[in-house]
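Here the structure is laid out as structure tokens; the discussion comes afterwards.
As the structure lists them, so they are numbered: ligands from 1, and atoms in each ligand from 1.
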Amino acid sequence: MSNPQHLVVDVPACKGHGLCFFGWPDLFDLDDDGIAVPLLDEVPEGQLDEVRKAIAACPERAIALRPA
Ligand code: SF4
């Protein structure tokens with residue numbers, strides 16, 4: 001059994017261009033300032049691949065998985 005992973009956004013690093021939100025609207029919302037907000041805390045095993053794609057797509061490297 002793998003350790004739970006949490007989806008986090010580094011707010012100071014996020015530049016708000018919304019690539020994560022438009023690509024993965026089931027994983028991210030944008031706040032009033034356009035900063036990404038994760039919609040999940042603990043990521044289910046079946047969504048880890050999608051999260052990894054979103055991490056790779058963020059040009060600011062502002063998205064991460066963190067162990068619980
Ligand atoms: S793609 Fe990265 S920098 Fe752009 S809004 Fe999403 S988290 Fe922020």
Side-chain angles (χ1 to χ4, degrees):
M1 190 170 142
S2 58
N3 291 332
Q5 302 274 324
H6 292 265
L7 177 58
V8 294
V9 170
D10 178 348
V11 170
C14 175
K15 298 297 182 242
H17 29 59
L19 290 177
C20 55
F21 169 69
F22 292 112
W24 293 271
D26 53 332
L27 298 179
F28 301 94
D29 198 358
L30 299 178
D31 71 12
D32 291 343
D33 297 319
I35 301 301
V37 178
L39 293 176
L40 293 175
D41 179 19
E42 199 170 299
V43 180
E45 193 85 21
Q47 284 184 278
L48 281 172
D49 279 353
E50 286 304 302
V51 168
R52 290 187 181 112
K53 287 178 191 169
I55 289 171
C58 175
E60 311 301 333
R61 304 184 71 82
I63 305 169
L65 282 169
R66 298 262 186 265

Return the closest protein heavy atom for atom 5 (S) of ligand 1 as residue, atom name and distance. Gly18 N, 3.3 Å
Looking only at heavy atoms, what is the nearest atom pair of Ala64 and Arg66, with distance? CB-NH1, 3.6 Å
Does the side chain of Leu27 come within less than 4.5 Å of Leu40's, by heavy atoms? yes
Could you find the nearest protein heavy atom to atom 8 (Fe) of ligand 1 and give me its residue, atom name and distance? Cys14 SG, 2.3 Å
Any idea which atoms of ligand 1 are less than 4.0 Å away from a heavy-atom of Gly16? 5 (S), 8 (Fe)
Atom 4 (Fe) of ligand 1 - closest N/O/S atom in His17: ND1
Walk me through it: do Gln5 and Val51 pass the test side-chain contact (heavy atoms from CB on, under 4.5 Å)? CA-CA 10 Å; Gln5 302 274 324; Val51 168; over 6 Å; no
So which protein heavy atom does atom 2 (Fe) of ligand 1 come closest to, and at what separation? Cys58 SG, 2.3 Å
Within the stated cut-off of 2.8 Å, is an N/O/S atom of Cys20 closer than that to atom 6 (Fe) of ligand 1? yes
With heavy-atom distances below 4.5 Å as the criterion, would you say the side chains of Leu39 and Phe28 are in contact? no
How does Ile35 reach ligand 1, by side chain, by backbone, by both or by neither, if only non-hydrogen atoms under 4.0 Å count? neither
Between Val9 and Ala36, which heavy-atom pair has the shortest distance, and what is it? CG1-O, 3.7 Å
If you define the side chain from C-beta out and look only at heavy atoms, does anything of Leu48 sit under 4.5 Å from Leu65? yes
